> 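Got a structure for you, written out below as structure tokens; questions coming shortly.
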Amino acid sequence: EPEVTQTPSHQVTQMGQEVILRCVPISNHLYFYWYRQILGQKVEFLVSFYNNEISEKSEIFDDQFSVERPDGSNFTLKIRSTKLEDSAMYFCASKKDTLYPQHFGDGTRLSIL
Amino acid sequence: KQEVTQIPAALSVPEGENLVLNCSFTDSAIYNLQWFRQDPGKGLTSLLLIQSSQREQTSGRLNASLDKSSGRSTLYIAASQPGDSATYLCAVRSGGSQGNLIFGKGTKLSVKP
């Protein structure tokens, strides 16, 4: 069964550095999402992406964050200047169409030192 | 603002028991509700998706019901097995959103052999 794949599985970065998290959504899916989960807390929505543009973003998704779909297969989340509180598990998700379920990747654990 | 609550936070049952996990949401204007399973350190596996017009969905030993007017959903697991041990998350897509999901904190299930 097709899967959403995320790389790397674990990223350790110094505070203030830029980090790029990568995702390959399921190939025929049209809607793409990033979520994060701080240890012990709820999964939180960050941003949704459709038709090559951001369709919705949360208060968490400030100017430090950006997303790109550079080549029709990858979907990336960039954090420009990381902070300690950015440490979390970041999940990418995709879905085929509006009435279909979202499918999640295994996540990238981001640790900011 | 939509809030999703899951009760209980943790549940331990002997193998073979039938069990019910509860999810409640504050705003009944939802598009759909999705149940996920999360294993430790892993991503989210979609279990069932219920559209707002539906009352229930079934997949194998799992049955999810939705009572939109009262803001509740239940996940029924029949004949539980040790392999069912995981955290179960409930998430709703609110009516005004572009598809982002709002999650509960989950119920951590432990099925003892």
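The sequence lines fix the lettering, A, B, ..., with proteins before strands; numbering per chain opens at 1. These numbers were taken from a predicted model, which means no experiment stands behind them.
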> Relative to chain B, which segment of A/Gln37 carries a heavy atom at a distance below 4.5 Å: side chain, backbone, both, or neither?
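Side chain only.
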> Side chain, backbone, both or neither: which part of A/Leu99 has a non-hydrogen atom closer than 4.5 Å to chain B?
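Both parts, heavy atoms under 4.5 Å.
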> Please classify the contact of A/Tyr35 with chain B as side chain, backbone, both or neither, using a heavy-atom distance under 4.5 Å.
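Only the side chain of A/Tyr35 comes within 4.5 Å of chain B.
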> Taking 4.5 Å as the heavy-atom cut-off, does anything in residues 80-93 of chain A contact chain B, and if so which residues?
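At a heavy-atom separation under 4.5 Å, chain B is reached by A/Met89, A/Phe91.
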> Around atom NZ of A/Lys42, are there more than 12 heavy atoms of other residues, nucleotides or ligands at under 6.0 Å?
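Check passes, neighbour count above 12.
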> Would you find more than 12 non-hydrogen atoms of other residues, nucleotides or ligands less than 6.0 Å from A/Arg69 atom CZ?
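Counting neighbours around CZ of A/Arg69, more than 12 heavy atoms of other residues, nucleotides or ligands fall under 6.0 Å, so yes.
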> Would a hydrophobic clustering, with Ile, Leu, Val, Met, Phe, Trp and Tyr connected at side-chain separations under 4.5 Å, put A/Phe75 with A/Ile54?
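Yes, because A/Phe75 and A/Ile54 connect within a single hydrophobic cluster, where side-chain heavy atoms sit under 4.5 Å apart.
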> How long is the gap from OH on B/Tyr31 to OG1 on A/Thr98, to the nearest 0.5 Å?
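Rounded to the nearest 0.5 Å, the OH-OG1 separation comes out at 6.5 Å.
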> Please determine, among B/Leu44, B/Val4, B/Asn32, the option with the most heavy-atom pairs under 4.5 Å with chain A.
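Between B/Leu44, B/Val4, B/Asn32, the count favours B/Leu44.
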> Do A/Tyr50 and A/Val67 sit in the same hydrophobic cluster, where Ile, Leu, Val, Met, Phe, Trp and Tyr count as joined when their side-chain heavy atoms come under 4.5 Å apart?
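Not linked; separate clusters.
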> Heavy atom to heavy atom, less than 4.5 Å: which residues from residues 5-12 of chain A reach chain B?
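Those residues of residues 5-12 of chain A which would need a heavy atom under 4.5 Å from chain B do not exist here.
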> Tell me, please, which residues at least two apart from B/Asp39 pass salt bridge (charged side-chain N to carboxylate O under 4.0 Å, His left out).
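B/Arg37.
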> So for atom CG, which belongs to A/Asp63, do other residues, nucleotides or ligands contribute more than 12 heavy atoms lying within a distance under 6.0 Å?
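It does not: A/Asp63 CG has 12 such atoms or fewer within range.
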> CG of B/Leu49 to CD of A/Gln102: how many Å apart, nearest 0.5 Å?
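CD of A/Gln102 is found 9.5 Å from CG of B/Leu49.
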> Between A/Ile20 and A/Val4, is there a shared hydrophobic cluster once you connect ILVMFWY residues whose side-chain heavy atoms come closer than 4.5 Å?
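Cluster IDs for A/Ile20 and A/Val4 differ.
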> Should the heavy atoms of other residues, nucleotides or ligands under 6.0 Å from CD of A/Glu3 be counted, would the total exceed 12?
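Open: at most 12 neighbouring heavy atoms sit under 6.0 Å from CD of A/Glu3.
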> Only pairs under 3.5 Å count here: list side-chain donor-acceptor contacts from residues 101-113 of chain B, not counting sequence neighbours, and write none if there are none.
residue, atom, partner, partner atom, Å
B/Lys105, NZ, A/Gly40, O, 3.3
B/Thr107, OG1, B/Pro8, O, 2.5
B/Ser110, OG, B/Lys112, NZ, 3.4

> Any donor and acceptor pair, going by atom type alone, linking the side chain of B/Gln34 with main-chain N or O of A/Pro101 inside 3.5 Å?
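The answer is no, because no donor-acceptor pair under 3.5 Å joins these two groups.
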> How about OH on A/Tyr100, more than 12 heavy atoms from neighbouring residues, nucleotides or ligands closer than 6.0 Å, or not?
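For A/Tyr100, atom OH is not crowded (no more than 12 foreign heavy atoms under 6.0 Å).
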> Identify whether A/Ile60 and A/Leu77 are in the same connected component of the hydrophobic contact network (ILVMFWY, side-chain heavy atoms under 4.5 Å).
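They do share one cluster, since a chain of ILVMFWY contacts under 4.5 Å joins A/Ile60 to A/Leu77.
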> Between B/Leu11 and B/Leu75, is there shared hydrophobic-cluster membership here, with clusters defined by ILVMFWY side-chain heavy atoms closer than 4.5 Å?
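Cluster IDs for B/Leu11 and B/Leu75 match.
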> So, taking the atom named CG in B/Asn100 and the one named CD in A/Glu44, what distance separates them when rounded to the nearest 0.5 Å?
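Those atoms lie 11.5 Å apart.
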